[in-house]
Amino acid sequence: MRILVATAVPVERDAVASAFGSGPTTVDLLAAGVGSAAAAVSTATALTTAALAGTPYDLVVSAGIGGGFQPEAPLGSLVLADAITVADLGAETADGFVPVTELGFGAITHRPPDALVREAAAVTGARTGTVLTVNTVTGSAERAAELRRRHPGALAEAMEGFGVAQAAAAHGVPVLELRAVSNPVGPRDRAAWRIGDALAALTEAFGKLTPVLESWNPHDR
Ligand SMILES: O=C(O)c1cccc(C(=O)CC[C@H]2O[C@@H](n3cnc4c(=O)[nH]cnc43)[C@H](O)[C@@H]2O)c1
């Protein structure tokens, strides 16, 4: 079982690495960049490189900190995606936002394997729900409410999951997204972000999650 974990920034990558100590692991870590496009390019490159070397990945995990919708996803808690949905890929119309799928193009959602999500949530204590991918961090109550109206199952937002999932799908590799909540989705208050607590939660989660991922049989989907 070969696993690729893609974070956005090095501090998130290092938080995941802290879960492994110095022993051998089947997990490779990648700081893939902030935003969906950077994450997609970096992840696709890593997947292609591994495949060409004859050692393809079996699973990709998009991981890092994220905003949590309140009160369902409190600061310091974990959210595991049962759906990875891009929230702002579409068109503004006189009737409001229309996703690209309703315009006849592409996809807006990738779905991680059900059984693996259930098992991973049980071992980490993560809540399961939709994790939105956005290009702009939400900064107002109005935008948060609009996202909740359009995505009633959303528990968290971040900026990379959909890009990582697009790359994984192009390679036929299953994907997970795990977010540790560093801030509420809503009015911007950068001083209230609890990044340290979220990174600690990410480390603890990977300590519990990795044995589950390593023993997962991809045919149990
Ligand atoms: O403070 C800012 O202005 C700012 C603007 C863009 C990005 C950031 C980050 O620190 C984001 C880093 C990383 O964290 C994820 N993240 C964390 N909270 C949220 C959120 O509420 N909404 C979306 N993304 C979030 C994201 O995946 C970034 O990669 C700060």
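Order of appearance sets the numbers: ligands from 1, and atoms from 1 within every ligand.
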Requested in this report: Could you please spell out the steps behind the side-chain contact (heavy atoms from CB on, under 4.5 Å) verdict for Leu30 and Val5?
Outcome: CA-CA 6 Å; Leu30 177 68; Val5 177; over 6 Å; no
Query raised in the report: Charged N to carboxylate O under 4.0 angstrom, Glu146 versus Arg148?
Result: no
Report task. Look at the aromatic rings of Phe206 and Phe20 and report parallel, tilted or perpendicular, splitting at 30° and 60°. Result -> perpendicular
Report task. Say whether Val185 and ligand 1 are in contact under the criterion: heavy-atom distance to a ligand atom below 4.0 Å. Result -> no
Query raised in the report: Is a side-chain donor or acceptor of Arg194 paired with a backbone partner of Gly76 at a separation under 3.5 angstrom?
Result: no
Query raised in the report: Can you name the one residue among Val27, Val61, Val123 that meets side-chain contact (heavy atoms from CB on, under 4.5 Å) with Thr210?
Result: Val27
Report summary line: So the atoms of ligand 1 within less than 4.0 Å of a heavy atom of Arg179 turn out to be 27 (O)
Report task. Could you tell me whether Met159 and ligand 1 have an N or O pair separated by under 3.5 Å? Result -> yes
Query raised in the report: Tell me: protein heavy atom nearest atom 4 (C) of ligand 1, and distance?
Result: Arg190 NE, 4.4 Å
Query raised in the report: Counting only N and O atoms by type, is there a donor-acceptor contact under 3.5 Å from the side chain of Thr7 to the main-chain atoms of Val9?
Result: yes
Query raised in the report: Any N/O of Glu12 closer than 3.5 Å to an N/O of ligand 1?
Result: no
Query - Protein contact of atom 15 (C) of ligand 1 - nearest heavy atom, named by residue and atom, plus distance - result: Ile65 O, 3.3 Å
Report task. Identify, for atom 17 (C) of ligand 1, the protein heavy atom at the shortest distance, and state residue, atom and that distance. Result -> Gly66 CA, 3.5 Å
Requested in this report: Tell me which protein heavy atom sits closest to atom 5 (C) of ligand 1, plus the residue, atom name and distance to 0.1 Å.
Outcome: Val137 CG2, 4.2 Å
Report task. Can you spot which of Thr130, Leu155, Val131 makes a side-chain contact (heavy atoms from CB on, under 4.5 Å) with Asp82? Result -> Thr130
Query raised in the report: Checking side-chain contact (heavy atoms from CB on, under 4.5 Å) for the pair Val164/Thr133: CA distance, chi angles, key distance, verdict?
Result: CA-CA 10 Å; Val164 172; Thr133 301; over 6 Å; no
Query raised in the report: Has the side chain of Glu157 got a donor or acceptor atom that lies under 3.5 Å from a matching backbone atom of Thr138?
Result: yes
Query - Residue and atom name of the nearest protein heavy atom (relative to atom 29 (O) of ligand 1), distance in Å to one decimal - result: Glu160 OE2, 2.5 Å
Report task. May I ask you to identify, for Ala8, whether its side chain, its backbone, both or neither come under 4.0 Å of ligand 1 on a heavy-atom basis? Result -> side chain
Query - Arg111 atom CZ, neighbour heavy-atom count above 12 within 6.0 Å - result: no
Query raised in the report: Can you tell which part of Val9 has a heavy atom less than 4.0 Å from ligand 1: side chain, backbone, both or neither?
Result: neither
Report task. Could you list which atoms of ligand 1 come closer than 4.0 Å to a heavy atom of Gly67? Result -> 18 (N), 19 (C), 20 (C), 21 (O)
**Report entry** Nearest-neighbour protein heavy atom for atom 9 (C) of ligand 1, which is reported as residue plus atom name and distance
**Finding:** Trp193 CZ3, 4.0 Å
Report summary line: Residue, atom and distance of the protein heavy atom nearest atom 2 (C) of ligand 1 read Arg188 NH2, 3.3 Å
Query raised in the report: Is atom 19 (C) of ligand 1 less than 4.0 angstrom from at least one protein heavy atom?
Result: yes
Query raised in the report: So, Glu160 and Arg179, do they make that salt bridge, N to O below 4.0 Å?
Result: yes
Query raised in the report: Of the protein's non-hydrogen atoms, which lies at the shortest distance from atom 21 (O) of ligand 1, and what is that distance?
Result: Asn183 ND2, 2.8 Å
Requested in this report: Ignoring angles and geometry beyond distance, decide whether Thr138 reaches within less than 3.5 Å of ligand 1 through its nitrogen or oxygen atoms.
Outcome: no
Query raised in the report: If you measure every N/O of Glu157 against every N/O of ligand 1, is any gap under 3.5 Å?
Result: yes
